[in-house]
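See structure below.
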Amino acid sequence: MKVLSIVGARPQFVKLAPIAEAFAATDHEHVIVHTGQHYDKNMSDVFFADLKIPAPDVHLGVGSGSHGVQTGAMLSAMDAVLDEHRPDWVLVYGDTNSTVAGALSAVKMHLPVAHLEAGLRSFNRRMPEEHNRVLTDHAADILLAPTQVAMDHLANEGLKERSRLVGDVMTDVCFRVRDAVQDKPFDLPFKQGEYLVATIHRPDNTDDPEHLAGIIEGLANAGRPVVLLAHPRLVAKCAEHGIKLERPDGSLHVREPLAYPEMVQAVLGSAGVVTDSGGLQKEAFLLGRVCTTLRPETEWVETVDSGWNVLTMDVSKLPELAARPAPSGERPTPYGDGHAADRVVAALAE
Ligand code: UD1
């Protein structure tokens, strides 16, 4: 079997890591195509190096642009690549512009498409990721779902026959890295358990200057030091609107985005997480740290139902929310056992 994976953005490299490892243990051929959606070293290369992912076989180098320009550049570059490789499966990941472009290129060429992390829904039609997920699920031939909730969404949309519950591949990689870094604290000027880890990058949070200024002010007044891992979009929008990230009182410790193992170390050493990222909400849960999510809804509803994650758009509540204790009792395991990637390979081979 020959499988061609299409990735392009940071969260997709994390999902690719366990899949590439699972393929490496078989005789199947695995081709990796990087669209170039994320191109900064710390948004791309370090993930390949740290997570031991083989270098991409093809790099499209599309870079940034409006949604139409970026997605269109990927579409026009993919035909020749798919024609050359003629894989048995095209595997697309998650919900970015690289996902929908990869899926659409492949169906147009009558190549079978598999969607990893299928069935997630926020039901928020303002999110570009929501369009990408829905369109990709309906274009794909096999839908590899991470959770029972995702399976239920797919069934509700008439896609039950094509859906398989495989578990969550991000759990595979999160547990593997956690075990490797467990006793190595990340070097920060704060005591273990004293600080919060924060990331903000969603257009709905960054693109309105007043809203963004409110979020940054809220983080600076969260009642604990905040390690803010600044995504390029956040840095660009703050510069554009004259919003200062550095604070004389040191309440915000601003850093560039971290490599994956460092991120896991930083979360393990923290009192909790404040974010609008999908992946980080779930990583906080998997690592046993409380999360406050600055969004009105989430795809990872299990983190909220179990009490580990709270959704809010009101940053003035951060001091109270970020200091809350972890829920008592055993943490549920809705995201599988850390062996989802093997089930993905088996489902495609079958
Ligand atoms: C994308 C995904 C989002 C995912 C996120 C993770 C879509 C629609 N969104 O959002 O689902 O959660 O990645 O990070 O696909 N930039 C750089 N260097 C880079 C990459 C981006 O400077 O390596 C800057 C560019 O100015 C770009 C902006 O960041 O315009 C946004 O990047 P883009 O890939 O368009 O979307 P993300 O916000 O990263």
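Basis for what follows: all heavy atoms, side chains included, without hydrogens, waters or symmetry-related copies. For ligands, and for the atoms within them, numbers begin at 1 and follow the listed sequence.
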Suppose we measure from [atom] to each protein heavy atom; which comes out shortest, and what is that distance?
atom	answer
atom 17 (C) of ligand 1	Tyr39 OH, 3.2 Å
atom 27 (C) of ligand 1	Ser64 OG, 3.3 Å
atom 24 (C) of ligand 1	Pro232 CB, 3.8 Å
atom 8 (C) of ligand 1	Asn97 OD1, 3.4 Å
atom 39 (O) of ligand 1	His38 NE2, 2.8 Å
atom 9 (N) of ligand 1	Glu129 OE2, 3.5 Å

| message | When you compare ligand 1 with Gln37, is there at least one nitrogen or oxygen pair between them that comes in under 3.5 angstrom? | response | yes
SB check [X] [Y] (cutoff 4.0 Å):
X	Y	value
Glu297	Arg295	yes
Glu217	Arg247	yes
Asp179	Arg176	no
Asp337	Arg343	yes
Asp207	Arg233	yes

| Between His153 and Phe123, does the ring centroid distance fall short of 6.0 Å? | yes
| said: Judged on heavy-atom distance to atom 5 (C) of ligand 1, which of Met43, Arg233, Lys41, His201 sits nearest? | reply: His201
| query | When you measure from the side chain of Arg162 to the backbone N and O of Ala140, does any donor-acceptor pair fall under 3.5 Å? | reply | yes
| task | Side-chain contact test, heavy atoms from C-beta onward, threshold under 4.5 Å: evaluate it for Lys15 versus Asp168 and give yes or no. | result | no
| Which atoms from ligand 1 have a heavy atom of His67 less than 4.0 Å away? | 8 (C)
| message | Using a 4.0 Å cutoff against the non-hydrogen atoms of Asp95, which atoms of ligand 1 qualify? | response | 11 (O)
| query | Taking the non-hydrogen atoms of Pro11, is any one of them nearer than 4.0 angstrom to ligand 1? | reply | yes
